[in-house]
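To start, the structure itself, in structure tokens.
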Amino acid sequence: METQQHIAILGSGNIGLALAKGLVKAGIFTPQQITLTRRNIAALAALADEGYNVTSNNAEAVTKADIVVLAILPQQLNKLLDEIKPAANQTKHLLISVVSGVSCQDIRNQLGLDVQVIRAMPNTAIAIGQSMTCIATDNASAANVSLVLSLFDTVGVSIQINEELMTSATALCACGIAFFLRSIRAASQGGTEIGFHAHDALKMAAQTAKGAADLLLQLASHPEQEIDKVTSPKGCTIAGLNEMEHNGFSSAMIKGIKVSAEKAGALYKSE
């Protein structure tokens with residue numbers, strides 16, 4: 001799928017740059033079709049050498065673009081939208097927002113334009129093409145939703161959800177990366193305590209976690225179904241699982257995800 005459109009990524013941090021590189025790697029865009037913005041464009045010098053357009057002028061980038069990606073922090077959004085408002089065109093532009101806790105309507109209200117907006121919530125695994133990205137909109141066409149799904153499919157797996165679930169998706173998928181990393185870290189520390197060198201324990205824990213995830217994804221299985229295969233009566237696995245549950249393992253994960261969702265929903269409104 002090759003396109004002649006131009007895309008501007010406003011706020012070229014980790015997420016924005018990973019998306020740009022994924023689109024080029026997939027052959028959908030060339031570097032020349034992508035404009036990257038950042039306040040300090042010296043940080044983008046290597047990408048400029050590769051053919052990407054780089055600028056600190058967000059309005060200029062929007063003028064040249066058909067698709068505009070908003071990839072900044074919630075507290076920076078209103079200032080950015082005010083900056084690009086003169087260049088935004090509701091009949092030309094499709095806006096993709098990866099900003100946590102900001103609705104499509106919030107963006108249109110700030111711009112004062114009835115522009116099509118699609119929210120996307122990737123996670124940091126986008127850097128290796130393994131993001132879980134959730135997509136939602138309240139006014140974009142089916143064709144544009146399909147386009148955005150295909151863009152984020154270049155850097156992992158994407159699904160469309162209802163917009164009211166986007167803050168929940170932030171907690172489960174975006175914040176969730178940290179939660180799963182912390183559990184892998186804890187497993188590796190347990191491995192060190194029972195005798196393995198730290199670097200070996202980490203590798204073993206990470207690969208075991210990867211295998212567990214792939215069992216579910218590749219077999220379309222359920223966690224309990226796979227757990228049953230490794231637990232035997234009076235065995236060591238069920239003993240370990242029950243000890244973790246007695247200490248609140250599942251409860252802690254559930255509560256953490258719930259608190260993250262509440263916080264994510266308030267980030268934009270608290271600024």
Side-chain angles (χ1 to χ4, degrees), residues 14-15 18 22 98 100-101 120-136 149 152-162 164-267:
N14 293 334
I15 297 293
V98 298
S100 298
M121 184 47 60
N123 60 35
T124 55
I126 193 173
I128 56 167
Q130 292 293 329
S131 178
M132 177 65 250
T133 303
C134 294
I135 306 291
L149 286 168
F152 281 94
D153 277 343
T154 68
V155 286
V157 175
S158 62
I159 62 169
Q160 183 179 3
I161 63 173
N162 293 330
E164 60 265 26
L165 290 172
M166 282 300 281
T167 51
S168 299
T170 302
L172 184 58
C173 302
C175 305
I177 283 279
F179 305 153
F180 289 111
L181 288 171
R182 179 57 61 84
S183 39
I184 291 170
R185 173 60 175 154
S188 75
Q189 289 175 311
T192 302
E193 187 163 342
I194 60 176
F196 295 105
H197 289 294
H199 65 278
D200 288 334
L202 180 57
K203 184 174 183 178
M204 294 160 72
Q207 178 59 36
T208 301
K210 184 175 184 292
D214 283 345
L215 279 173
L216 304 183
L217 293 170
Q218 293 182 26
L219 301 181
S221 186
H222 188 278
E224 292 305 321
Q225 186 177 343
E226 298 305 321
I227 287 171
D228 286 347
K229 294 176 183 177
V230 74
T231 52
S232 53
K234 296 185 178 180
C236 53
T237 304
I238 193 62
L241 280 173
N242 285 343
E243 182 67 17
M244 292 178 195
E245 290 302 333
H246 292 323
N247 284 281
F249 179 78
S250 294
S251 179
M253 180 75 88
I254 293 164
K255 288 179 178 178
I257 289 170
K258 184 178 177 183
V259 168
S260 283
E262 291 168 356
K263 180 71 173 179
L267 285 175

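The structure presented is a predicted model; accordingly, all values stated were derived computationally and were not measured.
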Atom pair [atom1]/[atom2] of [X] and [Y] - distance to nearest 0.5 Å:
X: Ile15; Y: Ile126; atom1: CD1; atom2: CD1; value: 5.0 Å
X: Cys134; Y: Ile159; atom1: SG; atom2: CD1; value: 4.5 Å
X: Ser168; Y: Ile161; atom1: OG; atom2: CD1; value: 7.5 Å
X: Asn123; Y: Ser131; atom1: CG; atom2: OG; value: 4.0 Å
X: His222; Y: Leu216; atom1: NE2; atom2: CG; value: 8.5 Å
X: His197; Y: Leu202; atom1: NE2; atom2: CG; value: 14.5 Å

For [X] and [Y], which heavy atoms make the closest approach, and how far apart are they?
X: Ala18; Y: Val155; result: O-CG1, 3.7 Å
X: Ala198; Y: Thr192; result: CA-OG1, 3.6 Å
X: Ile135; Y: Ser158; result: CG1-CB, 4.4 Å

Checklist entry - Quick check: does any side chain N or O of Ser221 sit under 3.5 Å from a backbone N or O of Leu217, one acting as donor and the other as acceptor? => result no
Checklist entry - Do Phe196 and Ser188 have side chains that get closer than 4.5 Å, going by heavy atoms? => result no
Checklist entry - Do any pairs count as a side-chain hydrogen bond (donor to acceptor under 3.5 Å, both in side chains) and have a residue in residues 227-248, sequence neighbours left out, and if so which ones? => result Glu226-Lys229, Glu243-Asn247, Glu245-Ser250
Item to check | From CA spacing to verdict: side-chain contact (heavy atoms from CB on, under 4.5 Å), Thr124, Asn14 | outcome: CA-CA 8 Å; Thr124 55; Asn14 293 334; 5.9 Å; no
Checklist entry - Can you list the steps and then say if Val98 with Phe152 is a side-chain contact (heavy atoms from CB on, under 4.5 Å)? => result CA-CA 11 Å; Val98 298; Phe152 281 94; 4.2 Å; yes
Next on the checklist: Go through it in stages, so that I can follow the logic: the residues are Ser100 and Met121, the test is side-chain contact (heavy atoms from CB on, under 4.5 Å), and I'd like the CA-CA distance, side-chain angles, deciding distance and then a yes or no.
Outcome noted: CA-CA 8 Å; Ser100 298; Met121 184 47 60; 3.7 Å; yes
Item to check | Pairs meeting criterion salt bridge (Lys or Arg N to Asp or Glu O under 4.0 Å) with involvement of residues 188-207, two or more places apart | outcome: none
